[in-house]
2 protein chains.
Amino acid sequence: MSSNNLNVEHKLNEKSVKPTAVRNLVLKYLVERGKAFSVSDLEEAFDTIDKSTLFRTLKTFEQNDLVHTIDDGTGKLKYALCTSSCNSSTDHQHFHFTCQKCGETFCLPKTELPSIELPPNFAILESNLVLKGLCNDCNT
Amino acid sequence: MSSNNLNVEHKLNEKSVKPTAVRNLVLKYLVERGKAFSVSDLEEAFDTIDKSTLFRTLKTFEQNDLVHTIDDGTGKLKYALCTSSCNSSTDHQHFHFTCQKCGETFCLPKTELPSIELPPNFAILESNLVLKGLCNDCNT
DNA sequence: ATGTCTATTGCAACTAAGTTGCAAAGTGGA
DNA sequence: TCCACTTTGCAACTTAGTTGCAATAGACAT
Ligand SMILES: [Mn+2]
Ligand SMILES: [Mn+2]
Ligand SMILES: [Zn+2]
Ligand SMILES: [Zn+2]
């Protein structure tokens with residue numbers, strides 16, 4: 001855990017985010033959890049940290065490419081740790097999967113969009129694809 | 001407009017939805033508008049109808065395949081009229097486009113999903129694909 | 001016409017996610 | 001130590017959507 005703390009502080013320094021107490025705690029949680037999460041998840045995990053602080057912490061993380069957001073349609077914005085192949089320079093665009101039973105949300109390996117027939121003179125700038133179904137744990 | 005009223009009542013009867021005053025008004029508005037809309041749009045258009053009634057009306061419409069919902073990520077659920085090729089029997093699955101400038105949301109012609117690489121033993125049951133960019137009106 | 005029954009509507013209060021202003025506390029440098 | 005700047009907590013707010021309940025409107029029978 002001490003090694004984890006160092007690891008986490010290093011990650012923050014790498015992205016030029018000042019490693020404060022809250023940020024260390026939150027990032028450590030994210031790394032150990034390894035799955036997408038919502039602010040409610042964090043509120044449960046850290047009942048002493050105010051939700052506004054959590055939102056602001058995650059906004060800072062997002063702006064510095066530590067996490068990306070996922071709108072999976074469940075009503076709560078999800079966040080997931082960015083991987084090395086997922087930073088702003090290489091356009092961290094990929095798709096996601098939400099399990100309709102357990103509610104977990106997963107990042108999927110990067111896939112190209114099919115060519116979609118658009119009305120004339122429409123231009124695509126980004127896309128949000130969320131697949132829904134059953135994850136390995138919940139599939140029968 | 002009288003013909004529109006009859007038209008709208010006919011549509012409701014067709015789907016076994018009792019044509020009440022509110023339902024006639026709302027459905028007429030939808031048909032004439034011809035674009036996806038939010039409950040806020042309806043609240044503006046009908047300032048005497050309570051929002052709970054509007055939500056309930058749309059839920060009724062949705063359950064009877066008069067409209068389908070679109071989660072375009074703007075924070076307000078959108079609704080669009082179902083077309084003949086868009087009813088529950090033929091699985092009204094298709095994708096959508098949201099203009100980032102004017103905020104309009106459009107239904108796209110039905111397209112097949114590409115084969116997406118999933119983790120083992122995951123099963124896709126549905127999908128939500130929203131493309132974002134500029135519509136014809138807003139594209140330069 | 002009158003009463004009765006049921007579905008619809010309006011109203012008000014509520015929930016939940018997310019935001020914001022501001023003051024208190026922390027951090028780090030001169 | 002003192003000062004400046006950043007982070008955090010708190011409370012109040014915003015907005016989409018929901019819910020319980022009472023009022024109302026039809027539909028239909030008498
Ligand atoms: Mn992801
Ligand atoms: Mn549609
Ligand atoms: Zn699952
Ligand atoms: Zn537009």
Side-chain angles (χ1 to χ4, degrees), chain A residues 5 8-9 11-13 15-29 36-64 66-80 98 103 105 128 130, chain B residues 5 8-9 11-13 15-29 36-64 66-80 98 103 105 128 130:
Chain A
N5 280 332
V8 147
E9 290 205 25
K11 257 181 136 72
L12 287 168
N13 281 320
K15 303 284 186 174
S16 313
V17 177
K18 200 191 291 180
T20 66
V22 169
R23 288 172 186 164
N24 288 340
L25 276 174
V26 171
L27 185 53
K28 182 153 163 276
Y29 171 88
F37 59 93
S38 65
V39 170
S40 322
D41 294 331
L42 289 177
E43 280 189 272
E44 272 181 49
F46 303 107
D47 53 352
T48 63
I49 306 181
D50 191 75
K51 66 175 172 170
S52 66
T53 302
L54 292 173
F55 277 109
R56 286 191 277 228
T57 299
L58 291 170
K59 187 173 289 177
T60 301
F61 283 5
E62 191 191 0
Q63 286 164 345
N64 293 278
L66 278 159
V67 302
H68 62 274
T69 56
I70 311 165
D71 184 349
D72 62 8
T74 58
K76 301 180 191 186
L77 200 57
K78 299 276 171 65
Y79 300 81
T98 300
T105 293
N128 180 37
V130 179
Chain B
N5 280 332
V8 147
E9 290 205 23
K11 255 181 135 74
L12 289 167
N13 281 320
K15 304 284 188 175
S16 313
V17 177
K18 200 190 293 181
T20 67
V22 169
R23 288 172 187 165
N24 288 341
L25 277 174
V26 171
L27 185 52
K28 183 154 161 277
Y29 171 87
F37 59 94
S38 65
V39 170
S40 322
D41 293 332
L42 289 177
E43 280 190 272
E44 272 180 48
F46 303 106
D47 53 352
T48 63
I49 306 180
D50 190 77
K51 65 175 173 170
S52 66
T53 303
L54 292 173
F55 276 109
R56 287 191 276 229
T57 299
L58 291 170
K59 188 174 287 178
T60 302
F61 284 5
E62 192 192 357
Q63 286 165 344
N64 293 279
L66 278 159
V67 303
H68 62 273
T69 56
I70 311 165
D71 184 349
D72 62 9
T74 58
K76 300 180 189 186
L77 200 56
K78 297 276 171 65
Y79 300 80
T98 299
T105 293
N128 179 38
V130 179

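Numbered from 1 within each chain, the chains take letters A, B, ... in sequence-line order.
- No hydrogens or angles considered: nothing links the side chains of B:Arg56 and B:Thr60 as a donor-acceptor pair under 3.5 Å.
- Contact annotation: B:Thr20 side-chain N/O to C:dT9 OP1/OP2 distance is under 4.0 Å.
- In this structure, of C:dT9, C:dT20, C:dG18, it is C:dT9 that holds the atom nearest to the side chain of B:Thr57.
- At the heavy-atom level, B:Thr74 lies nowhere under 4.0 Å from the strands shown.
- Atom-to-atom, CG of B:Leu42 to P of C:dG10 comes out at 13 Å; the value is rounded to the nearest Å.
- The CG atom of A:Asp50 sits 6 Å away from the P atom of D:dC10 (whole-angstrom rounding).
- Across the protein-nucleic acid pair, B:Lys59 atom NZ and D:dT19 atom P stand 6 Å apart, rounded to whole Å.
- Counting to the nearest Å, the P atom of C:dA17 and the CG atom of A:Asp41 are 11 Å from each other.
- Without hydrogens or angle criteria, A:Arg23 side chain to A:Lys18 main chain gives a donor-acceptor distance under 3.5 Å.
- Side-chain proximity of A:Ser40 to the nucleotides C:dA7, C:dA17, D:dT7 is greatest for C:dA17.
- For A:Lys51 against C:dG18, a side-chain-to-base donor-acceptor contact under 3.5 Å is present.
- In this structure, B:Phe55 places its CZ atom 16 Å from P of C:dT9, rounding to the nearest Å.
- Proximity of a side-chain donor or acceptor of B:Asn64 to a complementary backbone N or O of B:Leu66 within less than 3.5 Å is not detected.
- If A:Leu77 and B:Ile49 are placed on DNA chain C by their nearest nucleotide, the residue sitting closer to the 5' end is B:Ile49.
- Contact annotation: side chain of A:Arg56 to base of C:dG18, donor-acceptor pair absent below 3.5 Å.
- Both B:Lys76 and B:Ala21 lie near DNA chain D, and the one whose nearest nucleotide falls closer to the 5' end is B:Lys76.
- When distances run from any side-chain atom of A:Val22 to the nucleotides C:dA17, D:dT8, D:dA16, the shortest one goes to D:dT8.
- When the P atom of D:dC10 is taken as reference, atom CG of A:Leu54 falls 12 Å away, rounded to whole Å.
- If you take CD of B:Glu43 and P of D:dT14, they are 16 Å apart, rounded to a whole angstrom.
- The only member of B:Val39, B:Leu42, B:Val26 that meets side-chain contact (heavy atoms from CB on, under 4.5 Å) when paired with B:Tyr79 is B:Val39.
- With A:Asp41 contributing its side chain and A:Ser38 its backbone, the two residues share a donor-acceptor pair below 3.5 Å.
- If you check D:dT6, C:dT8, D:dC10 against the side chain of A:Ser52, the one that comes closest is D:dC10.
- A close approach under 4.0 Å does occur between a side-chain nitrogen or oxygen of B:Thr53 and OP1 or OP2 of C:dG10.
- In this structure, CG of A:Leu58 is placed 10 Å from P of C:dG18, rounded to the nearest angstrom.
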